[in-house]
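Data block below; observations after.
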2 protein chains.
Amino acid sequence: MDRKKEILEAATRSFSLFGYKATTMEQIAKIANVGKGTIYTFFENKEVLFQEIVRKMICEMKQEATDAIQEGASFQENAHAALMKMLEFRETHQLYAKIVDEEKDWRTPAVKQMLHETEQAIVTFIKEKIDKYVAKGELRQINSELVAYLLFKAYLAFINDWNVTHDESLPEVEIANFFQETIFRSLLV
Amino acid sequence: MDRKKEILEAATRSFSLFGYKATTMEQIAKIANVGKGTIYTFFENKEVLFQEIVRKMICEMKQEATDAIQEGASFQENAHAALMKMLEFRETHQLYAKIVDEEKDWRTPAVKQMLHETEQAIVTFIKEKIDKYVAKGELRQINSELVAYLLFKAYLAFINDWNVTHDESLPEVEIANFFQETIFRSLLV
DNA sequence: TAGATGACCGAAATGGTTTTCTGGTCATTT
DNA sequence: AAATGACCAGAAAACCATTTCGGTCATCTA
């Protein structure tokens with residue numbers, strides 16, 4: 001049996017269920033049916049193991065976002081679909097959700113770092129799409145990194161923060177229309 | 001001597017210097033040269049005293065923002081000036097800065113609430129300016145509340161969060177140009 | 001003998017207990 | 001009538017004994 005794979009699966013399950021802090025190496029070892037020391041022959045330490053797992057999650061997320069994109073669709077349609085998918089992933093996917101909570105509640109440095117890496121991945125993903133649509137001639141030539149950052153922060157604000165100050169969350173259609181009328185509209189050639 | 005005023009000044013100084021949590025009623029009384037009980041003849045409790053002080057701060061901030069606005073200037077120029085002034089205030093003004101820190105570090109409910117109220121004040125201020133410029137016919141008819149919220153969150157993101165992930169903060173001119181090319185551009189008639 | 005293991009270590013976290021602090025009250029004073 | 005500060009109960013802090021946990025390494029096993 002592939003011991004490394006067993007360990008990765010066990011660790012993924014435990015991190016997703018309990019978070020980084022509350023997962024112990026001994027627990028992972030037990031779930032993986034492996035001695036604790038064995039983990040250290042495959043992974044330098046707990047943090048590196050965690051990084052590997054989060055990075056795998058980032059790949060899955062990017063895959064889902066890619067699947068949400070349709071070749072023929074407009075930039076606005078695709079950007080909206082991809083961002084919504086990734087922000088949905090952020091709330092739905094056990095591991096991602098746990099990381100977000102843990103960063104808020106405990107500020108574990110390892111978690112903070114991987115959360116940043118995940119968000120950076122989203123921004124970069126969007127940036128690449130922008131560059132593609134600029135090359136296609138559908139979008140004006142703008143600083144794609146800034147626009148990607150703006151889109152991410154803006155979507156996050158309307159989807160995550162809005163109902164902190166307002167008692168009902170905005171319907172997705174309203175968000176889509178609003179962004180069409182503001183940001184997206186200004187990006188078209 | 002006006003005892004209420006003395007108390008307010010003492011409390012303002014203490015809240016600004018040490019924050020809400022670390023300020024004690026006894027300390028305020030001592031600074032104000034007043035018995036502790038006297039405070040309670042003017043203010044229902046610590047929270048209410050704090051609210052009054054923060055609300056006064058909000059007024060000052062709105063005044064500064066108003067001063068930054070020029071009657072003849074474009075919406076973009078005025079919105080930028082006002083937002084920058086208020087976000088600068090957020091970092092410069094002792095009390096505001098302390099509140100932001102304390103909300104992050106301790107999550108005192110009273111502080112959280114007043115921080116929300118302050119941010120809401122900024123959004124409302126911007127919303128009113130938008131409405132004015134819409135009435136003037138300089139801006140398209142859009143949902144001013146959503147736009148105000150977007151502008152606030154976007155400016156906050158670029159001025160406060162940007163250098164968390166990037167090692168140098170964006171120059172103000174670059175921010176101004178960027179928002180001109182994205183959000184503001186889309187708001188014009 | 002190479003890879004796996006778990007007892008072991010020091011540092012950090014936890015939890016329970018005692019002590020101090022502080023918001024708010026109110027009997028007394030001015 | 002207004003001001004005061006001793007006082008109270010509950011919250012927070014300080015303290016410390018005990019446990020937990022990441023990581024190591026001498027031993028084991030296949």
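Given the structure is predicted, the values throughout are model-derived calculations rather than measurements.
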Please give, in whole Å, the distance from [N] [atom2] to [X] [atom1]?
| X | N | atom1 | atom2 | answer |
| --- | --- | --- | --- | --- |
| R3(B) | dA1(D) | CZ | C1' | 13 Å |
| F15(B) | dT22(C) | CZ | C1' | 13 Å |
| D2(B) | dA3(D) | CG | P | 11 Å |
| Y20(A) | dA12(C) | OH | C1' | 14 Å |
| M25(A) | dT24(D) | CE | P | 10 Å |
| K46(A) | dA12(C) | NZ | P | 15 Å |
| E6(A) | dA4(C) | CD | P | 13 Å |
| E26(A) | dA13(C) | CD | P | 18 Å |

- Going by the angle between their ring planes, with limits at 30° and 60°, are F15(A) and F50(A) parallel, tilted or perpendicular? perpendicular
- Query: Are the charged groups of R107(B) and D105(A) less than 4.0 angstrom apart, N to O?
  - Reply: yes
- Note on the structure: Nearest-nucleotide check on DNA chain D, N45(A) vs N33(B); residue mapping nearer the 5' end is N33(B)
- So, E181(A) side chain and I142(B) main chain: donor-acceptor pair closer than 3.5 Å or not? no
- Members besides W106(A) in its Ile/Leu/Val/Met/Phe/Trp/Tyr cluster (side-chain heavy atoms under 4.5 Å): none
- Item | Partner residues of H166(A) under the ring pair (Phe, Tyr, Trp, His ring centres under 6.0 Å) criterion, sequence neighbours left out | W162(A), Y149(B)
- Are E172(A) and H80(A) close enough that a side-chain donor and a side-chain acceptor fall under 3.5 Å? yes
- Counting side-chain heavy atoms from C-beta on, which of dA3(D), dA13(D), dA13(C) comes nearest to K21(B)? dA13(D)
- Task: Under 4.0 Å from any atom of DNA chain C, heavy atoms only: list the residues of residues 35-44 of chain B that qualify, in numerical order.
- Result: K36(B), Y40(B)
